[in-house]
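What follows is one structure encoded as structure tokens, with my remarks underneath.
Below, chain A is the first sequence line, B the second, and so on; all start at residue 1.
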Protein chains: 2
Amino acid sequence: MPRVTIKEIARRAGVSKGAVSYALNNQPGVSAATRARVLRVAEELEWVPNRAARQLSAARSETFGLVLARTAQTLTEEPFYLGFVGGVESVLADRSYALALQVVSSLDEELATYRKWAAERRVDGVIVVDLRMADPRIALLRKLGLPAVLVGDPQLADGLPCVWTDAAAAMNAALGHVAALGHRRVARVAGPPEYGDVWIRDRAFFNAGRSLGLDLTLVHTDYSADQGAAATRDLLAADPRPTAVIYDNDLMAVAGLSVAQGLGAVVPDDLTLVAWDDSTLCRITHPRLTAMSHNIIGYGAEVTHRLLSLLDGAPPESHLYSTRLLVVRESSGPPAVRPTRCDRPPRYAPRPHHTP
Amino acid sequence: MPRVTIKEIARRAGVSKGAVSYALNNQPGVSAATRARVLRVAEELEWVPNRAARQLSAARSETFGLVLARTAQTLTEEPFYLGFVGGVESVLADRSYALALQVVSSLDEELATYRKWAAERRVDGVIVVDLRMADPRIALLRKLGLPAVLVGDPQLADGLPCVWTDAAAAMNAALGHVAALGHRRVARVAGPPEYGDVWIRDRAFFNAGRSLGLDLTLVHTDYSADQGAAATRDLLAADPRPTAVIYDNDLMAVAGLSVAQGLGAVVPDDLTLVAWDDSTLCRITHPRLTAMSHNIIGYGAEVTHRLLSLLDGAPPESHLYSTRLLVVRESSGPPAVRPTRCDRPPRYAPRPHHTP
DNA sequence: CGCTGTTACTTAACCGGTTCGGCAAGCAGG
DNA sequence: CCTGCTTGCCGAACCGGTTAAGTAACAGCG
């Protein structure tokens, strides 16, 4: 079956290739009658524009790029990414734009990918996630002239357009919630400090905690379940130990819950837990986890819209997407009046090595 | 900064465009000296081939397509997909192939995507996941002449090349494990019956169970945590109830564990649980879940290799990737000698409505 | 020496669109 | 009636590669 090209349409409609192009692209230069005829023929022949040809001449690829610089392992764990990608896709599909998704293992590889894409004219613009402090990608994208929308706080974006959520407000809500329940010693199990969003949330944590008069502890992790579990173990071993823990993602919160229960702690009586993202994970644990919920799919969609309008000539502004919403579930409650030590017989705790 | 094209290389190397193309593509027609000179100039100028131009003339897009016909919601829940995509990417990146990833919400949209891709010459080949019984995609891909590698059993692939894992062997291992522990009443919480792999595992479940002389129960779900939880609740309410449950993914297994614990059941004393995929989820619960483990990233890589060699002219064969590996953790153990009923005071169970 | 065959290149067509310059027809204005 | 402007369309160049066809130089060989 031979490919249908505009040449064929031109032949059948009795006009030139150029006229067909004008007609199909809704551009002036053809009469209404001719345009209608061309469109009808194109419809009949089921013409589909050839992306490569269009890209070659128009210097547009109709593709957006998204690089994820995480290990494949992390990606399987983090419900965030595929949801975000789904949101991006949902917008692109309508516009018949494509998404070039690249999974790399380091920031350097991500930079190399941008260079390559820019040189190949592979993408019209990129979406940048996981902003770092003084992020090297920003300077590179600026130098390459590659249109970009960053996912993260304007403080991190250095003037590039970004879409962000209000971390301070979310942290106020989270800490306000546990403070209202009566908690005074509150810990935060954060992600890696090199991530800008983590830093911003760290600051918001201290600001909000100070104004509420709380006793705060901060632990950094690599966002993994293992480190979330380890951090929780350490926090519970401390004296005095926190009565509420706020996690920076939901995976660590679930791992933390598991550790606490393994040590015999009853959630929420002995310990209140709050997760940051709110995926299904938070609803399948027992008790279910209180979380700072967030519409990740909508976030991806919003970012994509911003990139599209940026290419349409919109000014490169930053946009507040929305604030996370506190969803209270059974993992949060008032602290025990006289905080108990974890001295119930642990049911699944590893046996101490020095047992006779 | 002007784009570097082969025309510029030709000018600087003092040869024609055509000669440059031969040199850069390692094709005969140029002397070793000229080839070296051209390559040096290309290197100096940091030439990168323009994908669109190459695609237009060579009628190759150097892109593989992958359509995921699931709701964005499901995708955020299932650790499988992003891991698989990561595995695919890892192979493609080396070859500087790209991946066109499309997330759609129905099978019809997936079919439409293939049609579009074929018409646009958008992709050189596709990877097809989530095979159905009598899958309509197979006939379409054959008609479109779109090279494809299917992820699933040869019985489902209708002659198209596929990469699969041995479901019967895995099911034998899983049922053998619980049977060896002494379990006799075993349930399977399966995915939707329209998925071919589910059907195959269902059959393997009955075959293996019959030969082991087990008393089997099968429940179908939509793979979601909610339905996994509901199925578990129903199974535990039955009389006699199963002493071991095998779930078709890890999300449902975690949800099932949570439900069982909520009803006061002690895992594994009262109930043995086995998960099918083995993501991080299985290791962060308490107790940790026994699972039929699987290298999903490697699976994605293998499938991609097969598609690459298919395009290189390899015969369209089916390949066994590997068999899932039983990873025994704390969620499996021998059944109680005299099975207890779930009559401990549930700690978080919803209060019965008829309580005075 | 002339014929043939190979090698190393050049030229030009081509992929399927976009876009610019130009031309003819139609119309208004002087 | 002539000029000038607009409208509608054509033809051709162009994007940046690949590749078939053509050609010149040279080697082998009878």
Side-chain angles (χ1 to χ4, degrees), chain A residues 1-39 41-42 45-63 96 98 116-122 124, chain B residues 1-39 41-42 45-63 96 98 116-122 124:
Chain A
M1 142 181 95
R3 279 273 294 139
V4 177
T5 69
I6 58 168
K7 196 164 146 192
E8 177 64 14
I9 297 178
R11 203 180 59 77
R12 298 221 192 183
V15 291
S16 72
K17 263 174 66 176
V20 172
S21 178
Y22 290 133
L24 291 172
N25 290 301
N26 256 334
Q27 287 203 288
V30 285
S31 66
T34 305
R35 185 185 308 277
R37 187 154 36 95
V38 168
L39 288 174
V41 174
L45 299 182
E46 296 180 356
W47 174 81
V48 182
N50 180 309
R51 284 189 101 84
R54 178 170 279 178
Q55 178 171 348
L56 184 56
S57 57
R60 278 178 298 117
S61 64
E62 301 199 332
T63 301
S96 80
K116 203 182 76 177
W117 281 352
E120 287 181 321
R121 297 281 189 276
R122 180 76 215 298
D124 295 341
Chain B
M1 138 183 101
R3 278 276 294 140
V4 178
T5 69
I6 58 167
K7 195 164 145 192
E8 176 65 13
I9 297 177
R11 202 181 60 77
R12 297 220 193 185
V15 291
S16 71
K17 260 175 67 177
V20 171
S21 178
Y22 291 135
L24 292 172
N25 290 302
N26 256 334
Q27 288 203 287
V30 285
S31 65
T34 306
R35 185 186 307 277
R37 187 155 37 95
V38 167
L39 288 175
V41 173
L45 299 181
E46 296 180 352
W47 173 80
V48 182
N50 181 310
R51 285 188 102 84
R54 178 169 281 179
Q55 179 172 347
L56 185 56
S57 56
R60 277 179 297 118
S61 64
E62 302 199 332
T63 301
S96 80
K116 204 182 75 177
W117 281 351
E120 287 181 323
R121 298 281 190 276
R122 182 72 215 299
D124 295 341

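Atom NZ of K116(B) has more than 12 neighbouring heavy atoms from other residues, nucleotides or ligands inside a 6.0 Å radius.
Taking the C1' atoms of five terminal pairs at each end of the helix from dC1(C)-dG30(D) to dG30(C)-dC1(D), the two resulting helix axes are inclined by 60°, rounded to 10°.
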Hey, what are the protein-to-nucleotides 21-25 of chain C N/O distances that come in under 3.5 Å?
none

Between the protein and nucleotides 13-17 of chain D, which nitrogen or oxygen pairs come in under 3.5 angstrom?
residue : atom : partner : partner atom : Å
dC15(D) : O2   : S57(A)  : N            : 3.4
dG16(D) : N2   : A53(B)  : O            : 3.3
dG17(D) : OP1  : W47(B)  : NE1          : 3.1
dG17(D) : OP2  : I6(B)   : N            : 2.8
dG17(D) : N7   : K17(B)  : NZ           : 2.9
dG17(D) : O6   : K17(B)  : NZ           : 2.9

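In this entry the distance linking CG of L24(A) with C1' of dG17(C) reads 10 Å, nearest Å. The distance between atom CD of E120(B) and atom P of dG17(C), rounded to the nearest whole Å, is 10 Å.
For DNA chain D, the residues of residues 26-36 of chain A within the heavy-atom distance limit of 4.0 Å (strictly under) are G29(A), V30(A), S31(A), T34(A), sorted by number.
Listed by chain and residue number, E8(B), V41(B), L45(B) satisfy the side chain to side chain contact (heavy atoms under 4.5 Å, CB included) test with R12(B) (two or more places apart in sequence, or in another chain). A search for side chain to side chain donor-acceptor pair (under 3.5 Å) contacts involving T5(A) returns nothing, not counting sequence neighbours. For the side chain to side chain donor-acceptor pair (under 3.5 Å) test, no residue two or more places apart in sequence or in another chain qualifies with Q27(B). For S31(B), the side chain to side chain contact (heavy atoms under 4.5 Å, CB included) partners two or more places apart in sequence, or in a different chain, are A33(B), T34(B).
One finds the CG atom of N50(A) at 8.5 Å from the CZ atom of R121(B) (value rounded to the nearest 0.5 Å). Atoms CD and OG, on Q55(B) and S61(B) in that order, are 5.0 Å from each other to the nearest 0.5 Å.
Residue A19(A) is classed as a sugar-phosphate contact, given heavy-atom separations below 4.0 Å to backbone atoms only. Using a 4.0 Å heavy-atom distance criterion, V15(B) is classed as a sugar-phosphate-only contact.
Listed by first and then second residue, the salt bridge (charged side-chain N to carboxylate O under 4.0 Å, His left out) pairs that reach into residues 49-59 of chain B are E120(A)-R51(B), sequence neighbours excluded.
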Could you pull out all donor-acceptor pairs under 3.5 Å where a side-chain atom in residues 15-23 of chain B meets a protein atom, sequence neighbours excluded?
residue : atom : partner : partner atom : Å
S16(B)  : OG   : A19(B)  : N            : 3.3
S21(B)  : OG   : N25(B)  : ND2          : 3.4

